[in-house]
Enquirer: 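I am attaching a structure below and will ask some questions about it afterwards.
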Amino acid sequence: MLIKTKKASDVPSSEITPKSVYMDRRRFLTTAAIAGAGAAFGTIAPPGFGSPALAAPGRGPKLEGVKKSKWTQKSLGEELTEYKAVTTYNNFYEFGTGKTDPAERATKFNPKPWSLAIEGAVEKPGVYDLEDFIKPHQLEERVYRFRCVEAWSMVVPWVGIPLADVIKRMGPTGNAKYVAFETLNDPKRMPGQNRRVLQWPYKEGLRIDEAMNPLTLLVVGLYGEVLPNQNGAPIRLMVPWKYGFKAIKSIVKMTFQAEQPPTSWNQSAAREYGFYSNVNPSVNHPRWSQAKERRIGDFLKRPTKMFNGYEEEVGQMYAGMDLRKLF
Ligand SMILES: Nc1nc2c(c(=O)[nH]1)N[C@H]1C(S)=C(S)[C@@H](COP(=O)(O)O)O[C@H]1N2
Ligand SMILES: [Mo]
């Protein structure tokens, strides 16, 4: 996300794929050429279609009992973004506003133990220990496209549980029209919160049907491993048809309520960031076009797709809505 004090004439930092990412990619291409076409890429990706990152040994604790889903790399038909880029090119303002800040500054953050508060219009509100909260659910891997409002994008094999299953378990009442999410607010553990670049805690929200959509995932891992701190450990949201800032990290609270909740980016710049924030190439950001995006690792830009390519799955939820007004 860009800070709003930037001038319109500034080139968004997102326009520039960081050199380290290019360099890594080039290095991979060379290595792959040497290794030859028969190289095995591990168990997640089909051979020959794989991500370079999977060729490397494990980097974090592996998650056990993760099942495959129908959202595979093959079904998406796109290359995975390298693990290194996914974990070093981040937006997580609680650890600084620079792209490499989270990876550099969140190393000492300890997301264990973690509790998650469920509040409001549900039959089973309470404060849950995260491990107990996750345990009844089957972890699954889903390869999703992910597009930041800054016009860069990635393809990531997330591991998580469908938010719909969690909501069903909590028993929403008739007043549960929206879900509000909050990130941990603890400047001692999240030093970026000492600067008021946003109103802390970071807040996000979804309409209940969006939260219950089969695509919506509560993420606890990526690349088969426990979610790295910089990517929002221990639990973050993933709504692949919306801009990246909806994907709130390090969640400590979910509140079910009748009113549309306030969201951090909307509070910070209402003209620029709406509640819905569906990826929409025909609604430009006031300061830049949303028609194209740069896939991290690519040189050329590609056209952005309506709802980030998930129109078939989610378009119906917005039938009859003016998405220029409700951006
Ligand atoms: N708590 C919190 N969640 C956040 C952010 C943040 O600054 N704080 N940044 C958002 C933005 S703008 C993006 S693009 C994604 C980035 O996720 P990634 O670093 O895993 O790619 O996280 C989103 N979730
Ligand atoms: Mo973003």
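None of these values were measured; they are calculated from a predicted model. Both ligands and their constituent atoms are indexed starting at 1 by order of listing.
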Enquirer: Between Phe181 and Tyr202, is the gap from one ring center to the other below 6.0 Å?
Expert: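 They do not qualify: ring centres at least 6.0 Å apart.
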Enquirer: So is Arg236 touching ligand 1 or not, going by heavy atoms under 4.0 Å?
Expert: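 The answer is yes: ligand 1 sits under 4.0 Å from a heavy atom of Arg236.
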Enquirer: Could you tell me which atoms of ligand 1, counted from 1 in the order shown, lie closer than 4.0 angstrom to a heavy atom of Cys148?
Expert: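 Counting atoms of ligand 1 from 1, those under 4.0 Å from Cys148 are 14 (S).
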Enquirer: Can you check salt bridge (charged side-chain N to carboxylate O under 4.0 Å, His left out) on Glu293 and Lys305, steps first, answer last?
Expert: CA-CA 9 Å; Glu293 68 200 59; Lys305 293 181 184 153; over 6 Å; no
Enquirer: Looking only at heavy atoms, which two atoms of Arg145 and Asn308 are closest? And how far apart?
Expert: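 In terms of heavy atoms, the two residues are closest at NH1-O, 2.8 Å.
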Enquirer: Quick check on the 6.0 Å ring-centre criterion: do Trp158 and Tyr223 meet it?
Expert: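 Not close enough - the centres of the two rings lie 6.0 Å or further apart.
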Enquirer: Is it true that a side-chain atom of Ser75 and a backbone atom of Lys70 form a donor plus acceptor pair closer than 3.5 Å?
Expert: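 Yes; judged by distance alone, with no hydrogens or angles, the pair exists.
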Enquirer: Check each heavy atom of Tyr243 against ligand 1 and say whether those closer than 4.0 Å belong to the side chain, the backbone, both or neither.
Expert: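 Contact part for Tyr243 vs ligand 1: neither.
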Enquirer: So which of Met238, Met190, Gln230, Lys249 gets nearest to atom 18 (P) of ligand 1, if we judge by its closest heavy atom?
Expert: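 Considering heavy atoms of Met238, Met190, Gln230, Lys249, the nearest to atom 18 (P) of ligand 1 sits in Lys249.
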Enquirer: Short N/O distance, under 3.5 Å, between Phe245 and ligand 1?
Expert: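 No, no N or O pair falls under 3.5 Å.
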Enquirer: I'd like to know whether ligand 1 has Trp265 as a neighbour, heavy-atom separation below 4.0 Å.
Expert: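 For ligand 1, residue contact (heavy atoms, under 4.0 Å) with Trp265 is absent.
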Enquirer: So, do Trp241 and Phe307 have ring centers that fall under 6.0 Å from each other?
Expert: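 Ring-ring flag for Trp241/Phe307: false, centres at least 6.0 Å apart.
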Enquirer: Using non-hydrogen atoms of the residue, decide whether Ser250 is closer than 4.0 angstrom to ligand 1.
Expert: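 No heavy atom of Ser250 comes that close to ligand 1.
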Enquirer: Using heavy-atom distances, let me know which of Trp158, Tyr202, Trp200, Phe92 sits nearest atom 10 (C) of ligand 1.
Expert: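 Minimum heavy-atom distance to atom 10 (C) of ligand 1 goes to Tyr202.
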Enquirer: So which atom in Arg169 and which in His137 form the shortest heavy-atom distance, rounded to 0.1 Å?
Expert: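 Taking Arg169 first and His137 second, the nearest heavy atoms are NH1-NE2, 2.5 Å.
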Enquirer: Counting only heavy atoms, which portion of Lys246 has something under 4.0 Å from ligand 1: side chain, backbone, both, or neither?
Expert: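 No part of Lys246 comes within reach of ligand 1.
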Enquirer: Using a plain distance cutoff, I'd like to know if Thr183 has any nitrogen or oxygen under 3.5 Å from a nitrogen or oxygen of ligand 1.
Expert: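 So ligand 1 has an N or O lying under 3.5 Å from an N or O of Thr183.
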